[in-house]
Every structure is written in C-alpha cells, then in structure tokens.
Amino acid sequence: MNHDPARADAVLFCVRGLAFARNDEPVFGPLDFTLDRGETLLVEGDNGSGKTTLLRVLTGTLAASAGDIRFDGRVATHEVLAGRALFLGHHPGVKNDLSPRENLAFLAGLYGTHEGASIESALREVDLAIYADTPLRLLSAGQKKRAALARLALLPGDLWLLDEPYANLDRHGIELVNALVAAHIARGGATLLTSHGAVRFADPDARHVRLALSL
Amino acid sequence: MNHDPARADAVLFCVRGLAFARNDEPVFGPLDFTLDRGETLLVEGDNGSGKTTLLRVLTGTLAASAGDIRFDGRVATHEVLAGRALFLGHHPGVKNDLSPRENLAFLAGLYGTHEGASIESALREVDLAIYADTPLRLLSAGQKKRAALARLALLPGDLWLLDEPYANLDRHGIELVNALVAAHIARGGATLLTSHGAVRFADPDARHVRLALSL
Amino acid sequence: MSRSYLPHWMHLLGSPPTFYRFAGALRPWLLASSLVLAAVGIYGGLVLAPTDYQQGDAYRIIFIHVPCAWMSLFAYACMAVAALAAMVWRVKLAEVIAMECAPVGAAFTLVTLITGSLWGRPMWGTWWTWDARLTSELVLLFLFLGVIGLFNAIEDRRRAARAASLLALVGIVNLPIVHYSVVWWNTLHQGSTVNFLGPSKIAPGMLWPLLLMALATHLYFFASVLNRARVGLLEVEGGKEWARTLVMESAR
Amino acid sequence: MSTPSAGAACRALLRREFTLAWRRRGEMLLPLLYAVIVTTLFPFALGPDAALLARISGGVLLVTVLLAMLPALESMFRGDLEDGSLEQLLLAPQPLALLVLVRVLAHWATAALPLIVVAPLLALLLKLPADVLPVLLAALLLATPLLALLGAILSALTAGARRSAILLALMLLPLAVPVVIFAAGAVAAAQAGLPYLAPLLWLGAALVLALALAPFACAAALRIAVEA
Amino acid sequence: MSTPSAGAACRALLRREFTLAWRRRGEMLLPLLYAVIVTTLFPFALGPDAALLARISGGVLLVTVLLAMLPALESMFRGDLEDGSLEQLLLAPQPLALLVLVRVLAHWATAALPLIVVAPLLALLLKLPADVLPVLLAALLLATPLLALLGAILSALTAGARRSAILLALMLLPLAVPVVIFAAGAVAAAQAGLPYLAPLLWLGAALVLALALAPFACAAALRIAVEA
Ligand code: HEM
Ligand SMILES: Nc1ncnc2c1ncn2[C@@H]1O[C@H](COP(=O)(O)OP(=O)(O)OP(=O)(O)O)[C@@H](O)[C@H]1O
Ligand SMILES: Nc1ncnc2c1ncn2[C@@H]1O[C@H](COP(=O)(O)OP(=O)(O)OP(=O)(O)O)[C@@H](O)[C@H]1O
Ligand SMILES: [Mg+2]
Ligand SMILES: [Mg+2]
C-alpha cells in the first residue's frame, strides 16, 4: 500500500486509517491506500475477513468507525460519490421479474450511459444478447451474474467497486470481467475488486490489499 | 463416461440416455454414465449449459423427457432416493433467520446423522464453531455457504449431488469441500458435483462429464 | 413414466396420432346428431309441450336450464376422470382432454346460472339468493375458472396441465354438494323432479323434450371437446414428426 | 445412520416452524394487529350506536378473523420454495403428506390461533352478547383450520404460477364463502336464540374431510411446484 | 456521460415500478380481491337486511379499502433492500427524496388506485346510497395517498430491523385511526345529509403536509435501513 499524503488531493481515491468495528469488535483494521485513475486494487481476504464490509464502508452505506475517505480530494460524502462510483455487490441489485434489458434500461435511466455504449452493446459484451428479454428468474446462476455485470459495460462512473465479480462465472465469464476492467482502466477509470483468491486475477501489476481474519 | 449395461444393476447409480427438454427445446442431450460407491463424477459446463438442470432431474424435482435413472438397480423414484441422496443446490436450503446450529438440527431431525457425527463436530469441520448461534443473515457470503455445506459432515446418504459447492468459498473453503468429498468417498459413498472449471478440483482420478451449450 | 399399467385399448387411443384421426372421424357425426336432436327437442319443448298450470310459459326455460345444469356436472366429472389419468399415468392425451373439458364445462355452468336466475326472477321474485344449490353451482363455476386460470398461469404446458388437473381432482368434493344440496339443506331451489329409476314427478309431455335436449347437449359436449383436444394435441406435440407431416399435408 | 422416526421428524419440523415464527414475530403478529385495527376502527366508522354494533358484531368478527388469515396463507410455501428448503423436505425419508400436514398445522397455530385467542377481547370491543361468545369461538376453531388446509392446497398449487396471488384469491373466494356462511349462520342463530348446532356440525364434517385429504393433495401440488 | 435529468430518472423509475407491478399483477390485484371478498362476505355475515347494510356500508367500505392497503405497505421497501437495488438507488446522482417520492406515488398508483376504481362497484354491493358515492371517492382519494406516505416512512424505518411488521403496524395503528375517522366522518355526514366538507379539508391539509415532508423523512430512514 504505497501511501503518499502529498498527492492525496491529486489522486482519485484516497483512504487513510480506515477502520470499521461492529459494536466495538473490529471487523477490519486501520487501512491506508490510494487508488488513482488507471489503477486496479485487488482486495484479498478469506471468508469473513471483511471485504464486503469494506466495500460497503467505501460506498458510504456503512459509516466508518475511524479514518477518512477522499474522492477527488474531497471527503467522500453521498453527494460527492453519487453517480461517479459504481457498486456491484453480492446482492446484484437487479430484479428477478425483469429481463436483462429492462434492468439495464432502469439503471441507465438513473446513471446515464458512457459515450458509445448502448444497452444492446452491453448485453452483447456479456454474451446475453439471446436472453435479453427473458426474466432473470428463468436464467441460470451464471447468466444472472452476467446480467448484473452488464451494467459495467453501460454506465459511466470513474470508480468501480466490485464485490466478488468472479463468483458463479465460468472461464469465459472470468475473462469477460477482466476484459471489462481492463477497458475501464484504459478509459482512465479506477477499479477496486475483492476476491478470496481462489480465482487468479489477470492484471499482473495490480496492487493488493490483504485483509486478515480478525478474530 | 464408461457405460457398461452388464454391471448396471450392481452399480449404485446408473444413468442411461438421460435427456431433458423444456417445451421441446433440448437443455442437455442424451447422457449415459454410471457412478459407483467410492467414485466421484465432476460435471463441467459453461454457464447455462444445464448443470443445475441435470442435478434437478437426478433428484427427481424435474421429470426427465427421456432415458432412465437407476439407484441400486431400481428406478430412482422419490421413495427410492428419499433419505439416501443428499442435494446441495444454488439455493442452499437453509433459513436466513436461523443460526447454523438450528438449521443443522432441523436437517438432522429429518435425515438423521451418520455414526460418529454431531452438530458440533460438523460445525467445527466447516470452521463455523464461533458462529454456531448467529443468524445466517448476519454472516458473510462464504460463511453462509459453509453453513450450508456443514450438512455434508452431518447427514447420512450414499449419493451426494452438489451444485457448485465451490462458489463463494476461499482457498481454505475449497480444500474443505475436497476434504469432505474425500472422506465421503472413503466411507464408500458416491459424489456427483458440478463446476464450471474455474476452480480446479482436487481428486485426480475423478471422471468427467462435459455439458455443451445447446443453443 | 410407467405407462405399462395401461390397458391395451388405452394404449391405442392414448397414442396422439391415432386419437387425432379417431376424433376427426367421429366429430362430424356427433355434432350433426346433436343438432338434429336439439332442433326436435326445442320444437317439442317450446311448441308441443303443454303450458304449465301454475307457471304458464315461463317454465319452458327448463328445457335449457336443466340440460345445461346436468351437463355442468357431467362435464366436471369427465374433466376429473381425465385429470386422474393425467396425474396417475402422465398420459399427454389425458392432460389435453382434461384441460379442454374446462372451458366447455364453464360455459354450461354459466348458462345454468344465467337461465336459473332468469327463471328465479318470476318464480322466487329474486335474481339471486345464497341458497345452497345456487352457491355450490357458483363454486362450480369458480372451480372451472380456477382450472383454466391455473393452466394458463404456468409457463410449461405439461406442468400446467398437471397442476390444473390436481385442482380439478380436489374440486370433485363439490359435485355431490351441488347434487344433494337440495336434499341436505332446505333450499329455495326445488328438489329432484326427474327420476330415472322411479316414476318422474313431471308431465310426460314435458319429459321427452327434456330428455332429448339432455341427449343433444351430451353429444354436443363430446363433439366440442374432441375438436378442442385435436387442436390442443397439435400444440403439445408440435415438435413431433406426425404433427409436422400433418401440417404439411394440410398446407398442400 | 438409522433414519429418524416420523414423530422425530415432525418434532424437528415443528421446532423449526415455531423458532422461525418467533424470529419473525412481527409478521406473525401482523394479522393480529390487523384484526384489532379493524375492530377498533369499526365503532368509529359506524358511529357509536351500541344496539347496531351488537347486532352486526358477530358477522364483523368472523369476517375480520377469517380475512386476517388470507395474506399469510398466500405466501405459505413461497419462502421454502425460494430458499430451497422445500427441496430438502421433498428428499426427506418421511412421507411428504405427513410433513405437509404438520407444516400446515404449525401455520395455523402461529397465524390463526392468536386470532382466536384475542377474539374474546375483540368481541368485547364490538359489544357481542356474552352468551354468543362460546358459539363464536367454536365456529372459529372449526373454520380457521379448514381455511388453512384449503388455502395450503391452493397456495401450493399456485406457488410456481405467474399470477399466483390473484389465482389464489380467485379460488379462495368461493371456498371462503360457504365457510363464512356456515360460521356466521351458527353465530347468527345463537344470537337469535335459535338452534345453532347443525351448521357447526357441517363445518366439523368438512374439517375432518379436509384433514384426511388435503395433505395428500398439498404434497402432490408441491412436487409440481418445485418443477418451476 | 452526462448524468440524466431528474425527470428522466423519475420516468425510468416509474417505468420500472409499473413493469414490475404488471409482471406481478397477481400481487397487485391481491388487495383488490381482498376488498371484494370482504364486501361480498359482509352481506352473508350480517344477513340480508338492506336497510342495515346501507347504514353501515360507508364505514365498512372505508375500513375495508384502507386496510386492504396495509399488507402491501408493510413490504414496500423489503424487496429493494434484499436484492440490493436499494443501494443502487442510494448511489444514484439524483436527490434520493425525489426518487422516494416517485416510488411511493407509484406504489399508490398500483396498490391503492385500483381499489378506488372498484370502490363504486363495492358500494353497489353494499347498497350505499348513490348520492354518498362522490363523497366516499373524495375521501378515498385523499386518505389513500396519505396512508401510503405515512406507511412509506414507517416501512423504511423498519425495513432493516427485524420484527419489522409489528413495529410498522404498531406505529401505523395510531396514524391510521384519525385518517379513517375523518374519512368515515365525511361519509357519515353526507349519508346523514349534514355538511361534510370540513373533514375532507382536514384530510387535504394533512396530505399536502405529508407530500412536502414525508419524502425527506423516508430518504433518511432508508439510509439507516441499508446499514443493517
Ligand atoms: C341461479 C339459479 C339456479 C341455479 C344455479 C340452478 C342450478 C341447478 C342445477 C345445478 C341443477 C342440476 C341439479 C342436479 O342435476 O343434481 C338444477 C336442476 C333443476 N333446476 Fe335449477 N337452478 C337455478 C334456478 C332454478 C329455478 C328458478 C328453477 C325453477 C323453479 C329451477 C328448476 C330446476 C329444475 C326443475 C331442475 C331439475 C331437477 C332434477 O330433476 O334434478 N332452477 N338447477
Ligand atoms: N449485517 C451484519 N451484522 C453483523 N455481523 C456481520 C454482518 N455482516 C457481516 N458480518 C460479520 O462481519 C465479518 C465480515 O463480513 P464480510 O461479509 O465483510 O466478509 P467477507 O470478506 O465479504 O466474506 P466473504 O468472502 O464470505 O464474502 C464476518 O465475520 C461476518 O460474520
Ligand atoms: N426455470 C427455468 N425456466 C426456463 N429456462 C430455464 C430455467 N432454469 C434454467 N433455464 C435455462 O436452462 C439452461 C440451463 O440452465 P442451468 O441453470 O441448468 O445452467 P447451469 O449449467 O446450471 O449454469 P450455471 O453454471 O450458470 O449455474 C439455461 O439456458 C437457462 O437459461
Ligand atoms: Mg463478501
Ligand atoms: Mg447452475
């Protein structure tokens, strides 16, 4: 975790002494890391080590118990993050009664789309074109996951926060995630993703944060 | 898939010309395989290739459109399978409002326990001892998965049908599943498990069934 | 899939292509004869039959009401039998027939309710009361509708058919209630007047047209169910080659 | 590795159902509060006319209690279907019909019994004549499990279906009507000082029939439902 | 990559809500059938006395319609919370309060409006005097959105916590009572030929207040709920 206060305001995302405790028992210890445009940060940790919790703190749905989070040099409040951070959690945030297309249309309506991207293209990128209009409840586990991932190919947002994007995906699916991340980085975005390292992550020069089980 | 009619009645589990179609469109083609005590069968296939569907046909929750399934030489009806087959699906079949211990106690009440196994030991085997009494909804994704897996260490049953036992698990978790399967095999049980091959499966001499995407 | 328990003739008829041809051959005869009988019955009922000494001509609605009422029960019984076969042997044909009985039966039930309340206005001075016979008949209608609704609410045709069949079987309980309601409870609705074993409490001049109409409705019921079943079979068996060849022929 | 006796399995199931009900006592108490709300609101809605109130109280109470049951009925098996625990039940070594019966009775005990327990209180609120109360309770004790059993079949049938809720209501309406007619008939008769046994006996007969047949229908319906 | 206008976002949200409601028209129609069942059952429960029926019909109708809304209210945000789409709403670039308001109105349109549409039919079943109908409709048009907004706050508050339903019901009870009293008051007054405007105006004032404040309270409550 190369942490350098000088460029703290310059970097896109900067976390200092971040810690979270659930009724006084620490879930993850004080963390310091920066994440700049074009960078990827891989958060690794065993089951229960606090990856999901960390991401929820970063998105502001959980209040940190110590430390501060800065986005573009400003304290990362809801207003600052709104529309610029893209979150994909264990709970995919898609409706089982809607088709992939309808789900994407809704998200696009809220967040907008980045230039050159369309719902069709996004669905094609995740190989769901043929299932574009099938309600998610009729899709297989991996197809559901792809439907959730499709938003990455459609919505704008500088900072991606992905919680176990690889779960339930087959080999193609995993390469697909890596390709999406690579494209995002190339566009000058930043990505933070979690994994418990059972699946090897492509990007060689990605930096790592390891969370230890704090029992 | 070495299919040998001669020993069809001898083997524990024998599948002949098994096929499933939804409204006349095939999901997986005619399959033949046998699975005997002490054997493991790994069903590999991409997302949407029909692994989950196959398992649900084998458990009898879906009616096959062709072919027959024999268990101990008898047609595998509900009555024949009841209590002898153990199924673990995408939907873990545990209640989020109950603790791991309560969930296990319920399953043990229905299925019984195999000799020498106790709820405590099962929870210890999946490293959930400290979370034995926390409602599942407060556990992490991987911990939930372990709570579901714990039944494998507790309940009797000759035939295990596991749908993606590795999803959401960290390295230890994966080794843990492999250990459980190994023990089951050693006890003279049979295991059929699915995976889309992103995670490598331990047992070297396991046979494979590959499902192709039938579009 | 244990078809083996089936008697031989059921096997024969059970095979869709055979049934398709059989039904196609039988249907026109049934339809024609039912129309002829109905014509005679109507004539006998509305013209020849004597005027009722207390009801005047209002009673003549009996020639529609009663046959339809009987049919509503008969249709449900047929549906239930087919449903049983569908549940036990998983015979595709039985599933189709059970499902096709429902709309026809619902129609008869509806006519019964309508003619009944039309008749009730002059007789009882009200269109509707919650008398046991009327209520149970209404329940019968809801059961038919439930079967139809359930069948259409489930994507997979065969699963839908079996779910709906099960509902049909559950609903059998209502049949004796409809029939014996007049016996078990003191209802506004009159008790059984036509009696096939003993002498009927009805003028012979009224009886024979009534029976003709009853016969006609039965024949019509079979005709329309057979026809609907053929269409239904084509939908279920659309994939099979006999259906495709058949469509080819009809195209040529 | 002997499979547990049917009795043991039923106990395990009951324990699970009651623990769950306790964890979710919120949902469990909802019908209760619902009934309380209705009965407290009625006097307001009708204006304070004691005679009128007393006259309609019996009917109002029955309708309220029976209707307070409906929402819970509708989703009886939804949860078990969605989280996969239904499949675990189907694969269990015990006869499914038995397990289903236990399940339904547990549902009745958690969803309907509380209603019956507070019924006297509600009766008080609605100024129901005291001597009618026993008849009312008897009617409820017969009518509620009957509805629960019928509702179980229907909700099992519609569990996998698309427009499940509307279908359920469509089918439950005609079934609820006779039940209410008999129950209300008994109460009304008692309130008018007439013999009220006959309708209660009819309800009892129907209940016995349902207890004997419903579990099997329900089990069959569930096997179909999991195919979804 | 310009973020969409608030209007566009609201349209997207509305479209989603209505599509979902349509996909689940079952659940959407449940309160409807529910109300229909109640009103059809009442005549049996009370016996066929037209005068009596007409007298209580106004109150019965209001109570029925307002209570038919409760079950749906209770789970207003549950789904969004459990499948994670609530987090997507929170992170959206538009003001949360606005989105929440739209969400609640959509809920009203799908859960309450149908009830109001069938109200005249129900009024017919219950033999409500024709000249009272307009007042009844006005009362419903004011009372239902009011209840929806109040319910939204409470269901947001309790969405995260367990025991949600009971808390909600407990808090909704005191809030629902005055609403029903005013509405029923207006109808009763109209039925008695007295001036009925005042209670309606009170309802209207309360509604305006709720429209202005509830969304913010609701948004705050939701931010708390996701922390659970
Ligand atoms: C909506 C009102 C009515 C309904 C739903 C209704 C229903 C039925 C049904 C279901 C049956 C067949 C019973 C059986 O075969 O077991 C029947 C038979 C009959 N109904 Fe009605 N009915 C209605 C009104 C009336 C009225 C107003 C009359 C004339 C007073 C009437 C006269 C008869 C007669 C004479 C029979 C034949 C009885 C027998 O011989 O079995 N019905 N009705
Ligand atoms: N809502 C909650 N309430 C209380 N404790 C919780 C809650 N959610 C998670 N925990 C606990 O906090 C710890 C961290 O959970 P978290 O979900 O962040 O782990 P994780 O790294 O995401 O694990 P996994 O790899 O299994 O997803 C775990 O021990 C878990 O039991
Ligand atoms: N209930 C259903 N109704 C209709 N189609 C379905 C249903 N469930 C699955 N399918 C389709 O059947 C195919 C096989 O699904 P299945 O879940 O068996 O795949 P899978 O191999 O388990 O995939 P995954 O690895 O993602 O779990 C998929 O194309 C899916 O869209
Ligand atoms: Mg996690
Ligand atoms: Mg799968």
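Just so we're on the same page: letters track the sequence lines, and every chain starts at 1.
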S.K.: Quick check: are there more than 12 heavy atoms from other residues, nucleotides or ligands sitting under 6.0 Å from NE2 of A/H172?
M.R.: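 Not more than 12 within 6.0 Å, no.
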
S.K.: Please lay out, stage by stage, how E/D83 and A/V94 fare under the test side chain to side chain contact (heavy atoms under 4.5 Å, CB included).
M.R.: CA-CA 7 Å; E/D83 66 15; A/V94 286; over 6 Å; no

S.K.: Working to the nearest 0.5 Å, report the span between CD of A/E102 and OG1 of E/T19.
M.R.: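 One finds 5.5 Å between CD of A/E102 and OG1 of E/T19.
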
S.K.: Measure the CD-OH distance between E/Q94 and A/Y111 for me, rounded to the nearest 0.5 Å.
M.R.: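 With rounding to 0.5 Å, CD (E/Q94) is 9.0 Å from OH (A/Y111).
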
S.K.: In the structure I gave you, are the side-chain heavy atoms of A/L110 and E/L99 within less than 4.5 Å of one another anywhere?
M.R.: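 SC-SC contact between A/L110 and E/L99 confirmed.
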
S.K.: Between the side chain of E/R16 and the main-chain N/O of A/L107, is any donor-acceptor distance below 3.5 Å?
M.R.: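 A pair under 3.5 Å: no.
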
S.K.: What are the two closest non-hydrogen atoms of A/A82 and E/A92, and how far apart are they?
M.R.: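 Of all heavy-atom pairs spanning A/A82 and E/A92, the closest is CB-O, 3.6 Å.
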
S.K.: Among A/A85, A/A117, A/G93, who wins on heavy-atom pairs under 4.5 Å with chain E?
M.R.: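 Top count of heavy-atom pairs under 4.5 Å with chain E: A/G93.
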
S.K.: Go through the atoms of A/R84 and report whether side chain, backbone, both or neither lie under 4.5 Å from a heavy atom of chain E.
M.R.: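 Interface part for A/R84: neither.
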
S.K.: Quick one: CZ on A/R56 to CD on E/E87, what's the gap to the nearest 0.5 Å?
M.R.: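 One gets 5.5 Å once the value is rounded to the nearest 0.5 Å.
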
S.K.: Please look at A/S99 and chain E and tell me whether the side chain, the backbone, both or neither of the residue comes under 4.5 angstrom of a heavy atom of that chain.
M.R.: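 Only the backbone of A/S99 comes within 4.5 Å of chain E.
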
S.K.: First locate atom CG of A/L81, then atom CG of E/L90, and finally report the distance between them rounded to the nearest 0.5 Å.
M.R.: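 Between A/L81 CG and E/L90 CG, I get 12.0 Å after rounding to 0.5 Å.
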
S.K.: In terms of heavy-atom proximity below 4.5 Å to chain E, should A/A108 be classed as side chain, backbone, both, or neither?
M.R.: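 Answer is backbone: N, CA, C or O of A/A108 sit under 4.5 Å from chain E.
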
S.K.: Find the distance between CG (E/L20) and CG (A/N96) and round it off to the nearest 0.5 Å.
M.R.: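 Spacing of CG (E/L20) from CG (A/N96) equals 10.5 Å.
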
S.K.: Is it the backbone or the side chain of A/L86 that comes under 4.5 Å from a heavy atom of chain E, or both, or neither?
M.R.: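 Neither part, no heavy atoms under 4.5 Å.
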
S.K.: Quick one: pull up CG in E/L89 and CZ in A/F106 and give me the separation to the nearest 0.5 Å.
M.R.: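 Rounded to the nearest 0.5 Å, the CG-CZ separation comes to 5.0 Å.
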
S.K.: Using the side chain to side chain contact (heavy atoms under 4.5 Å, CB included) rule, take E/V226 and A/L62 through it: C-alpha gap first, then chi angles, then the decisive distance, then the call.
M.R.: CA-CA 8 Å; E/V226 287; A/L62 281 179; over 6 Å; no

S.K.: What are the two closest non-hydrogen atoms of A/H91 and E/E82, and how far apart are they?
M.R.: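 Here A/H91 and E/E82 meet closest at ND1-O, 3.3 Å.
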
S.K.: Spell out, as yes or no, whether a donor-acceptor pair under 3.5 Å connects the side chain of E/Q88 to the backbone of A/F87.
M.R.: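 Yes, because the side chain of E/Q88 sits within donor-acceptor range (under 3.5 Å) of the backbone of A/F87.
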
S.K.: Checking E/L86 against chain A: side chain, backbone, both or neither under 4.5 Å from a heavy atom?
M.R.: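 For E/L86, neither part sits under 4.5 Å from chain A.
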
